[in-house]
Protein chains: 2
Amino acid sequence: MIDLIHYPLDPFCRSIRLALAECEIDVELQEERPWEWRADFLRLNPAGSLPVYRDESDLVLCGVYAISEFLAESGADKQSRSFQFLPGGEEERAEVRRLIDWFHNKFNSEVTSYLLEEKVMRRFDEKKAGAPDMELMRAARANLRHHLSYIGHLADARNWLAGEVLSFADIAAAAHISCIDFLGDVPWEENESAKNWYARIKSRPSFRVLLDDRVPGFAPPEAYADPDF
Amino acid sequence: MIDLIHYPLDPFCRSIRLALAECEIDVELQEERPWEWRADFLRLNPAGSLPVYRDESDLVLCGVYAISEFLAESGADKQSRSFQFLPGGEEERAEVRRLIDWFHNKFNSEVTSYLLEEKVMRRFDEKKAGAPDMELMRAARANLRHHLSYIGHLADARNWLAGEVLSFADIAAAAHISCIDFLGDVPWEENESAKNWYARIKSRPSFRVLLDDRVPGFAPPEAYADPDF
């Protein structure tokens with residue numbers, strides 16, 4: 001059995017959990033609170049970041065980049081009828097990677113990291129205790145509107161975000177959006193095309209692995225787990 | 001001829017320039033100031049980030065992740081006697097990617113981005129004009145000490161940072177360090193092993209492509225271009 005060390009509201013962990021579920025690969029989850037900087041965890045991943053993947057032969061992979069490229073190279077998606085990590089030829093693959101980068105870096109630094117930091121980390125991480133910075137949260141929500149309209153633009157032009165096939169670009173995007181949706185921060189009424197894309201991905205069986213996540217002190221909005229939100 | 005749209009003090013661009021030089025692939029550089037958000041540039045890369053790669057057949061690749069994985073997949077490093085993007089089997093490749101991630105994400109967000117922002121961007125980007133934030137700069141320099149000692153630790157244990165062969169992990173690390181070294185901010189006296197590793201990589205012919213970079217208003221320290229610093 002594969003172990004995945006994760007935190008429920010971490011978008012990088014969510015992207016790997018979704019991808020593994022698409023590949024119908026079972027995984028044993030171990031929750032880690034990275035802000036505790038536990039020595040045992042740091043021995044496994046000196047970067048202190050999530051997710052960390054460990055397979056039956058004790059191969060340890062640290063971080064979403066190493067894990068997703070490893071799974072793609074090892075053909076983990078061969079079992080899946082409708083999902084491929086990096087479908088197509090070199091040009092299509094570069095487009096998938098451009099969008100993975102978009103969500104795991106640009107979207108994360110402009111939206112997800114701010115909202116998680118201000119709403120979630122401040123509650124759990126003693127070093128960050130204090131009232132949320134409302135200006136940062138407003139900036140993140142303004143950025144989110146631009147990103148939603150980019151998602152809508154891609155979803156109008158293509159079957160899935162990077163092209164014809166459901167790829168790790170959609171999964172990365174959905175992982176970030178799902179964290180923010182858990183916090184009730186996505187203005188779905190503002191972009192019908194983005195909403196329809198998310199409804200399609202949210203109704204996939206793979207998404208069930210996320211929808212039961214709970215974090216003490218947080219109640220996701222009712223629509224969070226509803227595919228017809 | 002390949003076009004690379006870059007900015008001289010951008011660590012991501014530097015990593016691709018170094019890798020292309022290791023592969024003995026000539027490239028035509030076009031300087032872009034990403035903070036100007038030029039419409040023509042945004043049409044090419046809506047993320048507004050660097051580098052952007054364009055080959056003879058007008059294939060456009062955006063960002064260091066898509067470009068480096070494309071070059072690795074297309075065997076660009078086959079010409080090189082001593083450099084491979086991702087050497088070894090799946091475990092070794094995962095280790096290379098863990099360290100690429102370390103430098104392009106962790107090191108960047110803890111060190112490079114702060115120092116470039118406070119020292120360089122404030123001078124050129126009107127929206128960021130003002131005195132450098134000394135507290136941020138002190139934090140970045142304190143973080144840099146931890147990273148130097150991690151580099152030294154890896155360099156003591158291995159021939160190159162990720163293993164036996166010079167890989168894109170070394171190149172990514174050297175790209176970030178070279179930007180900070182340009183600003184005179186690396187306390188080389190603090191870690192002999194890290195310094196020796198950097199001296200080895202800096203004396204490679206590929207490094208010449210960086211050492212002549214100049215940015216108006218900045219004079220790199222004398223030791224910057226000296227392989228025996």
Side-chain angles (χ1 to χ4, degrees), chain A residues 12 42 44-49 51-55 57-76 85-86 88-110 113 146-147 149-151 153-154 162 168-169 172, chain B residues 12 42 44-49 51-55 57-76 85-86 88-110 113 146-147 149-151 153-154 162 168-169 172:
Chain A
F12 307 103
L42 291 174
L44 212 56
N45 182 10
S49 60
V52 174
Y53 168 108
R54 183 165 41 195
D55 74 5
S57 62
D58 253 355
L59 171 68
V60 173
L61 307 176
C62 299
V64 69
Y65 172 39
I67 298 170
S68 62
E69 290 285 340
F70 168 85
L71 292 170
E73 279 184 3
S74 61
F85 275 96
L86 297 162
E90 53 188 24
E91 192 166 348
E92 290 79 11
R93 295 158 73 85
E95 176 65 0
V96 176
R97 288 189 175 112
R98 178 182 76 83
L99 291 172
I100 295 170
D101 200 21
W102 184 291
F103 291 101
H104 276 338
N105 284 305
K106 187 177 172 69
F107 189 97
N108 184 60
S109 68
E110 293 175 358
S113 66
H146 291 289
H147 283 280
S149 93
Y150 190 56
I151 291 172
H153 160 77
L154 293 171
F168 195 56
Chain B
F12 307 103
L42 292 174
L44 213 54
N45 182 10
S49 60
V52 174
Y53 169 108
R54 183 166 41 195
D55 75 6
S57 62
D58 252 355
L59 171 69
V60 173
L61 306 176
C62 299
V64 69
Y65 172 39
I67 298 170
S68 61
E69 290 285 339
F70 168 85
L71 291 171
E73 280 184 3
S74 61
F85 275 96
L86 297 163
E90 53 188 24
E91 193 166 347
E92 290 79 11
R93 295 159 73 85
E95 177 64 0
V96 177
R97 288 189 175 112
R98 178 182 77 84
L99 290 172
I100 295 170
D101 200 20
W102 185 291
F103 291 102
H104 275 338
N105 284 306
K106 187 177 172 70
F107 189 98
N108 185 61
S109 68
E110 292 174 359
S113 65
H146 292 288
H147 283 280
S149 92
Y150 190 57
I151 290 172
H153 159 78
L154 293 171
F168 195 56

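Throughout, protein chains are lettered first and strands after them, A, B, ... in sequence-line order, and every chain is numbered starting at 1. Any value given below was found using the heavy atoms of this structure, including those in side chains, with hydrogens, waters and symmetry copies removed.
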| What closest approach, in Å, do A:Ala94 and B:Ala66 show between heavy atoms, and which atom pair accounts for it? | O-CB, 3.7 Å

| Between A:Arg98 and chain B, which part of the residue has a heavy atom less than 4.5 Å away: side chain, backbone, both or neither? | both

| request: With sequence neighbours left out, write down each residue that passes side-chain contact (heavy atoms from CB on, under 4.5 Å) with B:Asn108, or none if nothing qualifies. | output: B:Pro11, B:Phe12, B:Thr112, B:Ser113, B:His176

| request: Just give me the residue among A:Ser74, A:Gly48, A:Cys62, A:Gly63 that pairs up with chain B most often, heavy atom to heavy atom, under 4.5 Å. | output: A:Cys62

| Measuring from A:Leu61:CG to B:Arg93:CZ, what's the distance to the nearest 0.5 Å? | 13.0 Å

| query | Hey, what do you get for CG (A:Asp101) to NE2 (B:His104), rounding to the nearest 0.5 Å? | reply | 10.0 Å

| Is there side-chain contact between B:Trp102 and A:Pro46, with at least one heavy-atom pair below 4.5 Å? | yes

| task | Pick one of side chain, backbone, both or neither for B:Glu69, based on which atoms fall under 4.5 Å of a heavy atom in chain A. | result | both

| field | Heavy-atom closest pair, residues A:Tyr65 and B:Arg97 | value | CD2-O, 3.4 Å

| So do the side chains of B:Lys106 and A:Ser49 get within less than 4.5 Å of each other, counting heavy atoms only? | no

